[in-house]
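Only a predicted model underlies this, so the values are computations on that prediction, with no experimental measurement involved.
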Amino acid sequence: MTAESPNSADPITALLIACDRFHSHVTLLADQLRDVELGDEDAERVHEAVHRTFTTVGLVGSLTVGLQRDADEAECPHYNVLSDAEWARLSVDLGAHERKLAYECELQPGHPGPHLSLAQSFADRDTWLRWVDRGVRKLVDLPPCLAEDGPVDDPERCLLFDGHPGKHSFDPDVVEFGREASPEMQHRMDDLFGG
């Protein structure tokens, strides 16, 4: 790796240089931190710094090589992170959820099209993080799936969006790719899933 400035190289080379420098520097600091006792305030500051770094590294990983985790065969292994700017947009309107470190794809493994994870629920809408491996990501507002299962007086509702591919969230044993979206959602689904 050369010593050139990350700003003077193409984005991929700049990223590789920055990662190499970061890795070397943090490795040296980790050796020094082994003998340091952290107070509550220091621990909080370190936590915030590591969280910001994880978010940034996760975002870069998502955009360049995709992010995957170990998952059982009933779960899609892909996940993503929200940037600070995306979270700022989602936290302004008093959403129902706290920010998570990682947003796991909520569709079943092998699903067609992009990955989606619920990013925030508001009184009037649900906002989903939509992404494809190695590229485009977007926050999209989607209406909820209206499917229900269980007793009439206490039904279990599907936690996914209207027209989602595959099984409902309440029915983990059934694989039914190709279920049709409601007519009013078909155009939106075509846009989301490249149909």
Side-chain angles (χ1 to χ4, degrees), residues 1-92 95 97-121 126-142 165 191-194:
M1 199 65 53
T2 65
E4 67 182 288
S5 165
N7 295 331
S8 68
D10 69 272
I12 299 299
T13 302
L15 174 63
L16 296 174
I17 291 168
C19 287
D20 189 49
R21 289 179 182 169
F22 177 77
H23 172 72
S24 297
H25 194 69
V26 171
T27 299
L28 290 172
L29 288 173
D31 287 340
Q32 294 172 5
L33 285 170
R34 225 178 269 139
D35 299 324
V36 175
E37 187 172 326
L38 296 177
D40 291 343
E41 186 178 320
D42 288 333
E44 182 63 29
R45 290 172 41 213
V46 168
H47 173 79
E48 288 297 319
V50 169
H51 178 76
R52 282 193 315 272
T53 302
F54 172 80
T55 300
T56 303
V57 170
L59 183 58
V60 168
S62 169
L63 293 171
T64 57
V65 296
L67 297 172
Q68 292 190 46
R69 62 190 169 88
D70 288 333
D72 67 39
E73 59 188 41
E75 300 175 314
C76 180
H78 297 268
Y79 72 96
N80 216 310
V81 297
L82 287 174
S83 68
D84 290 343
E86 288 167 330
W87 181 250
R89 174 182 157 199
L90 294 175
S91 61
V92 169
H97 305 293
E98 295 289 323
R99 185 177 188 177
K100 297 190 299 187
L101 287 177
Y103 290 82
E104 299 163 351
C105 179
E106 297 184 40
L107 302 175
Q108 69 187 86
H111 62 83
H115 304 286
L116 285 108
S117 181
L118 180 64
Q120 190 59 279
S121 292
D126 287 336
T127 300
W128 292 76
L129 177 60
R130 172 197 180 272
W131 73 96
V132 294
D133 295 333
R134 300 183 184 185
V136 180
R137 54 187 278 122
K138 184 176 181 179
L139 289 170
V140 293
D141 292 335
L142 299 172
D191 288 343
L192 283 173
F193 293 100

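- The shortest non-hydrogen separation linking His111 to Gln108 is CD2-O, 3.1 Å.
- Considering every non-hydrogen atom in both Tyr79 and Glu104, the closest pair reads CB-CA, 3.9 Å.
- Counting heavy-atom neighbours within 6.0 Å of Glu41 CD, excluding the residue itself, gives a total of 12 or less.
- Sorted pairs that involve residues 105-114 and meet salt bridge (Lys or Arg N to Asp or Glu O under 4.0 Å), not counting sequence neighbours, are lacking altogether.
- Residues satisfying the side chain to side chain donor-acceptor pair (under 3.5 Å) criterion with Asp40, sequence neighbours excluded, are absent altogether.
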>> side-chain contact (heavy atoms from CB on, under 4.5 Å), that's the test. Do Ser91 and Arg99 meet it? Break it down for me.
In response: CA-CA 8 Å; Ser91 61; Arg99 185 177 188 177; over 6 Å; no
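- Considering all non-hydrogen atoms of both residues, Pro114 and Arg130 come closest at CG-NE, 3.6 Å.
- Of all heavy-atom pairs between Arg137 and Ser83, the closest is NH2-N, 4.0 Å.
- Residues Pro112 and Pro165 meet the side-chain proximity criterion, which asks for heavy atoms closer than 4.5 Å.
- Rounding to the nearest 0.5 angstrom, the gap separating the CG atom in Leu116 from the CG atom in Asp126 is 12.0 Å.
- Contact record, Tyr103 with Trp131: O-CH2, 3.6 Å, taken as the closest heavy-atom pair.
- Scored by the side-chain contact (heavy atoms from CB on, under 4.5 Å) test, Thr53 finds Phe22, Val57 as partners (sequence neighbours excluded).
- More than 12 heavy atoms of other residues, nucleotides or ligands shown are found within 6.0 angstrom of NZ on Lys100.
- For His47, the side-chain contact (heavy atoms from CB on, under 4.5 Å) partners two or more places apart in sequence, or in a different chain, are Glu44.
- Asp31 is linked by a salt bridge (charged side-chain N to carboxylate O under 4.0 Å, His left out) to Arg34, counting only residues two or more places apart in sequence or in another chain.
- Relative ring orientation between His78 and His115 is described as parallel, the plane-to-plane angle staying below 30° on a 0-90° scale split at 30° and 60°.
- Every residue meeting the side-chain contact (heavy atoms from CB on, under 4.5 Å) condition with Leu139, not counting sequence neighbours, appears here in chain and number order: Leu82, Glu86, Arg89, Leu90, Ala119, Thr127, Leu129.
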>> Please evaluate residues Trp128 and Gln120 with respect to the criterion side-chain contact (heavy atoms from CB on, under 4.5 Å), reporting the C-alpha separation (whole Å), side-chain torsions for both, the decisive distance (0.1 Å), and the verdict.
In response: CA-CA 7 Å; Trp128 292 76; Gln120 190 59 279; over 6 Å; no
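- If you take OG1 on Thr13 and CG on Leu16, they are separated by 6.0 Å, rounding to the nearest 0.5 Å.
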